2 protein chains.
Amino acid sequence: MSASSLTTGTNHHAGAAFPGLMVRDPDPTGSAACGPVADPLATLPAHAMAVNIEKEQTIYAEGSPAEFCYRIVCGCVRMVKLMEDGRRQVLEFLLPGDLLGFDALGTYDLSAEAVSPVVLHRYRRSVVEHLADGDPAIARRLRVLSAAGLRSAWERMMLLGRKTAVERIASFLLEMTARMPSGGRGGVLLPMGRLDIADHLGLTMETVCRVLSSLRQEGTIGMDRSVNGPQVTIRDPAGLQALACAARH
Amino acid sequence: MSASSLTTGTNHHAGAAFPGLMVRDPDPTGSAACGPVADPLATLPAHAMAVNIEKEQTIYAEGSPAEFCYRIVCGCVRMVKLMEDGRRQVLEFLLPGDLLGFDALGTYDLSAEAVSPVVLHRYRRSVVEHLADGDPAIARRLRVLSAAGLRSAWERMMLLGRKTAVERIASFLLEMTARMPSGGRGGVLLPMGRLDIADHLGLTMETVCRVLSSLRQEGTIGMDRSVNGPQVTIRDPAGLQALACAARH
DNA sequence: CGCAGGGTTGATAGCCTTCAAGGTCTGTGG
DNA sequence: CCACAGACCTTGAAGGCTATCAACCCTGCG
């Protein structure tokens with residue numbers, strides 16, 4: 001939204017286009033925005049190297065040295081944390097335009113895995129750090145990105161700590177429709193499976209299924225089987241919105 | 001003058017003048033640390049203004065314009081998010097040495113409230129931003145702080161999404177003992193009430209009580225009533241550690 | 001056609017919440 | 001000194017929400 005030049009082409013892989021760093025970005029300049037300003041990170045792509053990742057493959061693993069950071073060109077990535085026990089938490093899903101690894105600190109603290117086939121631009125972290133040292137605007141931009149990450153983490157902590165299953169699913173669907181390219185109107189094509197959604201929302205696969213089914217029966221959403229996976233359609237956005245926040249009995 | 005002047009007031013681990021935005025800070029210099037390096041933020045206190053806050057008073061409210069940021073000199077602060085519904089999530093507790101508001105973006109996204117009487121150093125955010133623009137080391141330091149905040153947020157999301165009540169309490173006690181000044185050995189004096197703990201861990205007050213009671217009966221912890229509140233003593237750290245991670249069935 | 005993987009639905013159990021009552025300590029005033 | 005109110009904490013009993021276990025469906029594929 002903020003960088004309109006980006007969203008013009010649906011599949012912005014056209015070499016010249018340099019999309020902004022994050023899909024939703026409250027304030028690209030960090031403060032006192034006055035009209036459309038060039039993204040300080042626009043020079044970054046000059047240092048990029050394209051990388052293709054197959055579905056279900058690991059981009060980087062928790063604990064490994066953080067040498068690179070990435071920008072997603074297309075596809076969907078999940079950020080994962082595991083317990084020895086096997087329990088899993090998907091901390092977030094990343095979509096085209098999102099950045100990953102920019103906030104690493106020596107080693108990665110999360111694993112990054114491809115939910116679908118993914119195309120990335122890869123940058124050397126040392127290069128990015130060097131650029132930031134030389135340009136306060138870039139440094140500021142990186143701080144803004146981290147701050148945005150913190151905000152979304154806090155929002156999700158509220159979801160995990162205090163919301164019911166129905167509220168979590170409703171919130172998730174609304175968030176995804178807002179972030180997905182085709183999210184303008186009804187349909188969302190969720191690239192991730194039920195288990196990924198469950199591990200993202202602190203639920204089980206079965207509960208996710210049950211809630212989705214009941215939402216469909218109530219007419220709040222629709223579910224079809226598209227060619228490349230299950231498609232969810234929002235039939236009653238207002239209803240979903242109501243469920244997402246205030247749905248305690 | 002120097003950073004040490006800040007920490008003198010509180011018995012805080014020496015050297016770590018600025019333990020992460022929220023918690024501990026793995027690598028103060030950002031990367032390639034070679035021995036003890038002066039904290040880039042050491043010059044900050046020159047711009048500080050001391051502020052006293054009474055117990056249960058609000059330092060700043062969610063949604064209000066973010067004009068200031070703070071460093072805690074002594075006392076305990078809780079960062080809170082509310083739903084219209086009244087449900088509450090305590091996203092984190094901040095202790096002496098911790099920073100708050102440095103990651104704000106126009107407006108505060110969380111409320112900051114004093115759990116106990118609190119003394120703060122207050123900085124104007126515009127000043128901090130200006131300093132960061134002029135000194136890459138400071139800018140880098142701020143990025144490291146945000147990254148540390150993200151890590152602790154991810155850790156807590158795992159806790160909220162996937163851990164049982166016993167595991168949450170055990171994790172919480174261990175984290176607090178590690179962070180509290182007197183945490184070297186057995187006892188921790190928890191400054192916050194049961195309800196705050198519950199809202200931090202995504203539980204109810206009653207569940208917190210029950211789990212603490214059962215831990216006491218098992219001899220894992222001890223509970224005494226000190227002059228300024230309930231005191232928890234860790235009698236079996238290894239046992240707690242075991243409960244914190246693997247306690248399913 | 002059989003198989004494998006993901007998704008859906010059902011029955012039961014368990015963890016935690018909810019509702020409720022009792023307990024302990026502190027401070028205040030008679 | 002004692003009574004009493006109030007805040008906070010603790011414990012008990014019942015119920016609900018979600019997990020667990022299990023079966024079944026559906027699609028794609030060899």
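Every heavy atom of this structure was used, including side-chain atoms; hydrogens, water molecules and symmetry mates were not. Note that the structure is a prediction, hence the values are computed from the model and not measured. In the text below, chain A, chain B and the rest are named by the order of the sequence lines, each starting its count at 1.
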Legend entry - Selected nucleotide, minimal atom distance to A/M205 side chain, candidates C/dT8, D/dA19, D/dT10: C/dT8
Enumerate, atom names and distances included, each donor-acceptor pair closer than 3.5 Å involving a side-chain atom of residues 208-217 of chain A, sequence neighbours excluded.
{"from": "A/S213", "atom 1": "OG", "to": "A/C209", "atom 2": "O", "distance (Å)": "3.0"}
{"from": "A/S214", "atom 1": "OG", "to": "A/V211", "atom 2": "O", "distance (Å)": "3.0"}

Legend entry - Listed partners of A/T220 passing side-chain hydrogen bond (donor to acceptor under 3.5 Å, both in side chains), at least two apart: none
Inset, instruction - Starting from P on D/dT10, measure out to CD1 on B/I221 and report it in whole angstrom. - result: 10 Å
Inset, instruction - Step through the shown structure and confirm whether more than 12 heavy atoms of other residues, nucleotides or ligands are within 6.0 Å of CE on B/M223. - result: yes
Legend entry - Nearest to side-chain heavy atoms of A/C209, which nucleotide of C/dT17, D/dT10, C/dT9: C/dT9
Legend entry - Gap between atoms NZ and P, on B/K55 and C/dT26 respectively (whole Å): 13 Å
Please enumerate all protein N or O atoms sitting under 3.5 Å from an N or O of nucleotides 19-24 of chain C, with distances to 0.1 Å.
{"from": "C/dC19", "atom 1": "N4", "to": "B/E206", "atom 2": "OE2", "distance (Å)": "3.1"}

Inset, instruction - On the 0 to 90° scale, with breaks at 30° and 60°, tag the A/F102-A/Y123 ring pair as parallel, tilted or perpendicular. - result: perpendicular
Inset, instruction - Considering only NZ, NE, NH1 and NH2 on the basic side and carboxylate oxygens on the acidic side, decide whether A/D199 and B/R162 come within less than 4.0 Å. - result: yes
Legend entry - Terminal axis angle for the helix from C/dC1-D/dG30 to C/dG30-D/dC1, five pairs an end, nearest 10 degrees: 10°
Inset, instruction - Verify the contact: side-chain N or O of B/R216 to OP1 or OP2 of D/dT11, cut-off strictly under 4.0 Å; return yes or no. - result: yes
Legend entry - Pairwise distance CG(A/L201) to CZ(A/R156) - rounded to 0.5 angstrom: 8.5 Å
Legend entry - N or O in side chain of B/S213 less than 4.0 angstrom from D/dT11 OP1/OP2: yes
Inset, instruction - Side chain of A/T204 only, please: which of D/dT10, D/dA19, C/dT17 is the nearest? - result: D/dA19
Inset, instruction - Mind calculating the distance between CD (B/Q217) and P (D/dT10) to the nearest angstrom? - result: 12 Å
Legend entry - Spacing of B/R162 atom CZ relative to C/dC15 atom P, expressed in whole Å: 16 Å
Inset, instruction - Name all residues meeting the salt bridge (charged side-chain N to carboxylate O under 4.0 Å, His left out) criterion together with B/R78; count only those two or more places apart in sequence or in a different chain, and write none if there are none. - result: B/E56, B/E113, B/D196
Inset, instruction - Rounded to the nearest 0.5 Å, what's the gap from OH on B/Y108 to CE on B/M79? Could you check? - result: 9.0 Å
Legend entry - Interatomic distance where CG belongs to B/L160 and P belongs to C/dC16 [whole Å]: 13 Å
Inset, instruction - Rounded to the nearest angstrom, tell me the gap between atom CD1 in A/I169 and atom P in C/dG7. - result: 13 Å
Inset, instruction - Apply side chain to side chain contact (heavy atoms under 4.5 Å, CB included) to the pair A/L160 and A/R168, showing each step before the final yes or no. - result: CA-CA 8 Å; A/L160 291 170; A/R168 295 181 200 197; 4.2 Å; yes
Inset, instruction - Report the distance from atom CZ of A/R194 to atom P of C/dG5, rounded to the nearest whole Å. - result: 19 Å
Inset, instruction - Could you please name the option among C/dT9, C/dC16, D/dA19 that lies closest to any side-chain atom of A/T207? - result: D/dA19
Inset, instruction - Between D/dA19, D/dT10, C/dT8, spot the one nearest the side chain of A/M223, thanks. - result: C/dT8
Inset, instruction - Name all residues meeting the side-chain hydrogen bond (donor to acceptor under 3.5 Å, both in side chains) criterion together with B/D109; count only those two or more places apart in sequence or in a different chain, and write none if there are none. - result: none
Inset, instruction - Could you check how far CG of B/L203 sits from C1' of D/dC17, rounded to whole Å? - result: 15 Å
